[in-house]
Amino acid sequence: MTQDTMRLGAFFYATGHHVAGWRHPSSEADGGLVLERYVGWARRVEAAKFDLIFLEDGTGIRDADLRSSERTARSAHFEPVTLLSALAAVTSRIGLVATTSTSFNEPYNVARRFASLDHLSGGRAGWNLVTSATDLEAANFGNDRIARHADRYERAEEFVDVVLGLWNTWDDDAVVIDKASGQFSKPDGFRTLDHRGKHFEVRGPLNISRTPQGQPVLVQAGSSGPGKDLAARTAEIVFTANQTLDEAVAFYRDLKERMGRFGRAPDDLKIMPGLFPVVGRTEAEARAKFEELQALIDPVVGLALLSRMIGGHDLSGYDPDGPVPELPETEGGKSRQQLMFDLARREGLTLRQLYLRIAGARGHSQIVGTPAQIVDEMEARFRAGGADGFNIMPPTLPGGLDDFIALVLPELRRRGLVRTEYEGRTLREHLGSRPPAGYGPGKASASRG
């Protein structure tokens, strides 16, 4: 793909991104726990020549009030690396990106898991690195509260260094498999890592050879200051949320400029903000589709969603038709808290109006309109230097995804903004990316195994 074409991700979120999407007739409501549903969706987006499938994840049910079946239904879904391993067998080109937290995992396990996915898929794996952000997740791992934001990112910085080092404890040509000579691998083709840091001590080497891509693609979703520094140093894709064109351009410029501090070129990283599209053949049809979804929202669920997005504050005791209260910053996701407050203050929204605004996109860009209107906004952000592509967030699955493919994709192709065929077979080839500097063969450690 050229730099004049967008990258496209398909963000599969169980039953669709709208908080009430599972109740809609166009949704396969059992999709989160039925492999055949994911297989169908994956084949759709591969046929449409998307760059990647993106799966989010958490380490537990995130809402404190577990009484609502509507909320817990959205938390019932497969562990993403396991799921993508299955999808690797029924696809051949599309990238496969899974979210795994650095907060409640160990680097060796994560390095091995994603290296395995890269081998299984023939070079299509990506790791979306996140830090966990809720006390409910921490409680599943023997902790009363989540670690401080700064501490989570300190751990994440060391965690990713260990993973990168482990991925590169094998040289590209280390495995020989010469039956005649009896040599399976070169004795100096792999090495120990011998990492000793504040959070981890890891000997290595990894017990799986160097992967088809050299190493899986690194994806990052943090937009706070520490998140942007981590992304500028290590990430090859950034998934972010921006409300306005000016915000998108400022974020894009800031992150690309930070990369220079780490010896990286701006093109080494693709910024792909989330996009929640509701499309109709006419604007009235699109608006009617959106209002149909909005009418399905249970107010209790809407407030619970907003409570989580605004840092874990319990909003149930506030008047939903009153203003968004002044609330202290928590140790949850910092950038998303700020985005919620900025949106409410900029537009003078009540709590009810705010949860209705985020019920689909959860703070990401939301466009309701015709194919031309949706592509106009995508192109404007792309041309202005606010995005290298978009992570598409269908309101329902498969209905919203089918609408995008049938209606929006032809308009994107008519304008020459997306590919018509795959040029390569790996995720790196789709992105035109290369591994970050400093993590090539032989650079992980001088200690040979």
Side-chain angles (χ1 to χ4, degrees), residues 51-52 80-82 84-85 87-89 91-98 100 102 105-129 158-179 181-195 197 200-220 233-237 262-264 268-269 424-449:
D51 292 273
L52 59 93
V81 180
T82 307
L84 290 182
S85 297
L87 296 184
T91 58
S92 61
R93 296 293 187 90
I94 195 161
L96 305 169
V97 177
T100 297
T102 60
N105 283 286
E106 290 294 321
Y108 195 94
N109 293 338
V110 169
R112 186 186 188 204
R113 200 176 301 153
F114 281 94
S116 297
L117 180 60
D118 207 46
H119 277 286
L120 287 168
S121 64
R124 295 183 284 137
W127 169 33
N128 179 42
L129 180 161
E158 185 178 343
F159 194 112
V160 72
D161 284 344
V162 176
V163 170
L164 288 166
L166 287 168
W167 280 339
N168 290 283
T169 51
W170 288 72
D171 292 341
D172 288 330
D173 59 352
V175 178
V176 178
I177 313 182
D178 185 339
K179 292 184 178 181
S181 68
Q183 183 181 31
F184 188 89
S185 62
K186 295 180 178 179
D188 61 348
F190 57 95
R191 63 202 66 81
T192 59
L193 181 65
D194 292 327
H195 174 88
F200 307 106
E201 294 187 7
V202 182
R203 179 183 183 274
L206 199 62
N207 60 346
I208 185 168
S209 61
R210 193 164 173 86
T211 77
Q213 294 188 104
Q215 64 191 46
V217 170
L218 271 175
V219 185
Q220 223 262 318
R233 184 170 72 86
T234 65
E236 297 160 90
I237 300 173
F262 304 101
R264 301 183 66 201
D268 292 343
L269 183 151
R425 304 197 71 87
T426 70
L427 180 53
R428 286 195 183 285
E429 288 173 318
H430 300 342
L431 299 171
S433 70
R434 59 184 175 82
Y439 288 99
K443 295 180 181 177
S445 171
S447 178
R448 294 278 165 174

From the list T91, T426, D118, side-chain hydrogen bond (donor to acceptor under 3.5 Å, both in side chains) partner of R124 resolves to T91
Out of the candidates N168, D171, T169, only one should pair with R191 under the side-chain hydrogen bond (donor to acceptor under 3.5 Å, both in side chains) rule; please name it. D171
Between atom OG1 of T234 and atom CG of D161, what is the distance when rounded to the nearest 0.5 Å? 8.0 Å
If you define the side chain from C-beta out and look only at heavy atoms, does anything of R425 sit under 4.5 Å from R93? yes
Could I get the full list of side-chain contact (heavy atoms from CB on, under 4.5 Å) partners for Q183, not counting sequence neighbours? V176, S181, K186, P187
Distance-minimising heavy-atom pair for [X] and [Y]:
X	Y	answer
A98	V81	CB-CG2, 3.8 Å
P216	A115	CG-N, 4.2 Å
L427	A125	CD2-O, 4.0 Å
L431	I237	CD1-CD1, 3.5 Å

Measure up the W127 and W167 rings against each other and bin them: parallel (under 30°), tilted (30 to 60°), perpendicular (over 60°). perpendicular
Tell me every residue that passes side-chain hydrogen bond (donor to acceptor under 3.5 Å, both in side chains) with S209, counting only those two or more places apart in sequence or in another chain. none
Residues E236, V217; criterion side chain to side chain contact (heavy atoms under 4.5 Å, CB included); working and verdict: CA-CA 6 Å; E236 297 160 90; V217 170; 3.9 Å; yes
